[in-house]
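Keep in mind that the numbers below use all heavy atoms, side chains included, and drop hydrogens, waters and symmetry copies.
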Amino acid sequence: MFCLNADMSSTAFIEPLPVIEFVSQLLNRDVTARMLPDADRVKIKRALRGVKVEATHRGNMRRKYRISGLTSQATREMM
């Protein structure tokens, strides 16, 4: 799981929350059910570019990343 970090410098303050929840709020619908249309993917890409996220799925081993882009490939197809 990745969580958005609250210290964004060029955009408005965003509370820490899971990325999937943020995207659901951005699009105002459930995003886990099916593939996203290209228009939604562009909207998400613009909203998340440069945002800092923290990987929380590894217990005590927390890592921080900055989002640089979005792929159209489904995660189940990635290796």
Side-chain angles (χ1 to χ4, degrees):
M1 175 186 295
F2 288 93
C3 287
L4 295 176
N5 197 341
D7 64 342
M8 296 171 44
S9 59
S10 63
T11 59
F13 178 81
I14 297 178
E15 65 187 63
L17 72 158
V19 174
I20 298 295
E21 189 176 322
F22 173 80
V23 171
S24 292
Q25 289 177 10
L26 178 71
L27 299 178
N28 200 25
R29 63 183 170 86
D30 180 27
V31 294
T32 59
R34 55 183 150 73
M35 293 286 291
L36 295 170
D38 288 335
D40 286 345
R41 196 173 1 272
V42 169
K43 188 175 184 179
I44 296 165
K45 185 177 180 178
R46 285 185 183 148
L48 291 178
R49 179 174 280 145
V51 173
K52 291 180 183 177
V53 294
E54 181 177 2
T56 60
H57 65 281
R58 300 203 56 184
N60 292 338
M61 190 173 163
R62 303 265 174 148
R63 294 203 175 183
K64 294 183 181 182
Y65 302 93
R66 186 175 299 271
I67 297 175
S68 62
L70 210 61
T71 181
S72 59
Q73 189 177 10
T75 53
R76 66 179 163 268
E77 298 171 1
M78 300 177 102
M79 295 181 100

Smallest heavy-atom separation, R41 atom then S72 atom, equals NE-CB, 3.5 Å
Can you tell me how far apart CD (Q73) and CE (M78) are? Round to the nearest 0.5 Å. 5.0 Å
Considering all heavy atoms of both residues, which atom of F22 and which atom of L17 are nearest to each other, and what is their separation? N-CD1, 3.7 Å
Has R62 got a side-chain atom pairing as donor or acceptor with T56's backbone, closer than 3.5 angstrom? no
So CG of L26 and CZ of R46: to nearest 0.5 Å the spacing works out to 11.5 Å
Over 12 foreign heavy atoms within 6.0 Å of CZ, R29: yes
For the residue pair L48 and V19, what are the closest heavy atoms and their distance? CD1-CG1, 4.1 Å
Mind checking the CG-CD1 spacing from L70 to I44? Nearest 0.5 Å is all I need. 6.5 Å
Salt-bridged, D40 to K43, with N to O below 4.0 Å? no
In terms of heavy-atom contacts, S24 and V31 come closest through OG-CG2, 3.5 Å
Measuring from atom CD of Q25 to atom CD of E21, what distance do you get when rounded to the nearest 0.5 angstrom? 5.0 Å
